[in-house]
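See structure below.
Indexing begins at 1, ligand by ligand and atom by atom, following the structure's order.
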Amino acid sequence: MYLKTTNLTFFPKSLVSSEGVEYGLAQINDKSRLVIAADSNELNVFDGEATEQGDRQLLIAPLSPHNAAALRSQLSFLQPRPLGLQTSAGMGDRLGLATPGHVRAARKAGDKIAPIFAQQSMREMARTFRTPQQVMDDATWGIFQEGWQGVVGADADHLKTTDDIDQCLATGFTFFTIDPGAYVDNRAETASLGELSELAAGLPADLQPRASGLLGKTFNIEGLSLTFDEPLLLKAAVKYGGAVGHVANMYRHLKEAASQRPFELEVSVDETDQPTSHAEHLYIASELKRLGVRWVSLAPRYIGRFEKGVDYIGDTAAFEDDFAGHAAIARTFGPYKLSLHSGSDKFSIYPAAMRQTQGLVHLKTAGTSYLEALRTIAALDPDLFCQIYSFAREHYETDKVSYHVSAELGRAPLPAEVEDLPALLEQFDAREILHVTFGSVLTAKSASGEPVFHDRFMATLQNNPEAYAANLERHFERHLMPFVPSI
Ligand SMILES: [Zn+2]
């Protein structure tokens with residue numbers, strides 16, 4: 001390979017040749033650069049500085065959005081695609097630096113788990129001032145750096161509006177997670193039968209309970225027996241009818257906008273107040289099907305508590321019992337995968353999730369890559385870590401509002417008392433406090449408008465990529481291996 005003969009310092013796994021063109025990612029003056037060797041006309045699609053090297057051209061190009069798109073068009077393994085029913089795992093990256101570590105963990109799982117490296121919700125993007133394009137491109141560069149050539153998906157997470165869909169579709173996302181949470185009517189939980197009838201009457205004509213065809217029907221699904229009498233159907237329709245209608249509208253919009261481009265859909269109602277019962281899950285699946293929606297995974301709100309960045313809180317045996325019913329419904333009405341949202345660190349339920357779904361499962365993790373960044377910083381720049389922890393404590397009460405967390409400031413160690421910094425990341429309350437304040441930390445500005453933490457935070461990780469990647473690899477290996485089928 002010609003590139004290996006140059007005196008440039010390449011990320012060794014990035015080197016690849018395709019159709020006579022060589023590509024690599026090199027470190028040049030502390031910056032990552034795309035380097036390409038080819039005939040001059042092969043280089044036209046990239047922006048950069050070309051030099052003559054004998055009978056070939058050498059192009060050194062910045063990691064720009066244009067070059068990321070050009071690279072995806074030339075190296076098809078970088079293009080996200082639908083993953084179908086394969087066991088899959090999404091690893092969100094709020095910093096744009098985590099993909100190399102994620103790739104290394106995915107490698108440990110062999111080809112048993114289809115990974116999603118580009119994954120971010122609109123909420124998290126807003127909190128960190130990132131765009132769908134940046135999320136996509138950061139993942140592209142990380143995949144390229146590590147030379148991952150297996151299949152990859154890209155998850156536009158928790159989309160709430162058609163405008164969200166349009167933005168993410170334009171950027172090349174292939175996995176669309178539709179969140180109709182705003183249309184879930186929790187009044188159904190406490191309403192009387194009369195009130196349910198009244199609320200149901202307010203649903204659009206095509207979502208009226210009788211239109212569902214479920215009234216009086218009995219389902220026997222793998223030992224689960226469900227009869228839709230009037231109260232059960234009314235409650236399900238009132239609670240989820242509007243949500244089903246919203247998903248159907250989003251799906252139709254996506255299908256039309258995507259035209260010939262392949263995509264897949266996930267339906268998530270995980271961020272609601274009350275768990276999704278089996279009857280409600282069946283109602284959602286039956287109604288989505290009747291309305292012509294096709295989806296590949298669904299995230300009910302399971303029993304117990306799925307708090308951010310900590311293990312499952314609840315009775316794991318009761319979880320498995322309940323989850324078994326959801327898995328049976330997913331097999332019967334799809335098959336589709338059950339999706340585990342807020343899936344980070346739910347180590348105590350992974351075996352049950354794998355047992356009951358037999359691999360028809362999608363694990364979604366988002367924020368703990370940020371906690372691994374903090375672990376890396378605790379080792380390399382303890383002073384910065386301590387400042388961040390103090391700041392996080394001050395912002396926790398405000399920042400926790402849109403998350404499922406139960407940490408209390410009073411139970412988290414005071415900054416002055418902390419002796420072992422990495423151990424702080426294992427303390428339940430401190431962990432959640434650090435987890436949900438990422439947006440405030442990364443965007444904090446001083447009185448003069450300078451970033452308080454951001455630049456030093458990012459520089460520490462960028463200057464020590466191996467340290468960060470090693471922490472991520474170790475952390476995510478623990479997440480992925482329980483989903484690798486044992487032979
Ligand atoms: Zn979620």
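Taking a cutoff of 4.0 Å between a charged side-chain nitrogen and a carboxylate oxygen, Glu432 and Lys308 do not qualify as a salt bridge. Salt-bridge check for Asp399 with Arg127: failed, with every basic side-chain N at 4.0 Å or more from each acidic carboxylate O. Between Glu372 and Arg375 a salt bridge is recorded (basic side-chain N to carboxylate O distance below 4.0 Å).
Open room surrounds CZ on Arg294; 12 or fewer heavy atoms of other groups in view lie less than 6.0 Å from it. Counting non-hydrogen atoms of other residues, nucleotides and ligands closer than 6.0 Å to NZ of Lys445 gives a total above 12.
Between Phe306 and Tyr302, the ring planes are tilted. Angles from 30° to 60° get that label.
Legend: protein N/O/S atoms lying under 2.8 Å from the Zn ion (ligand 1), waters omitted, number 3.
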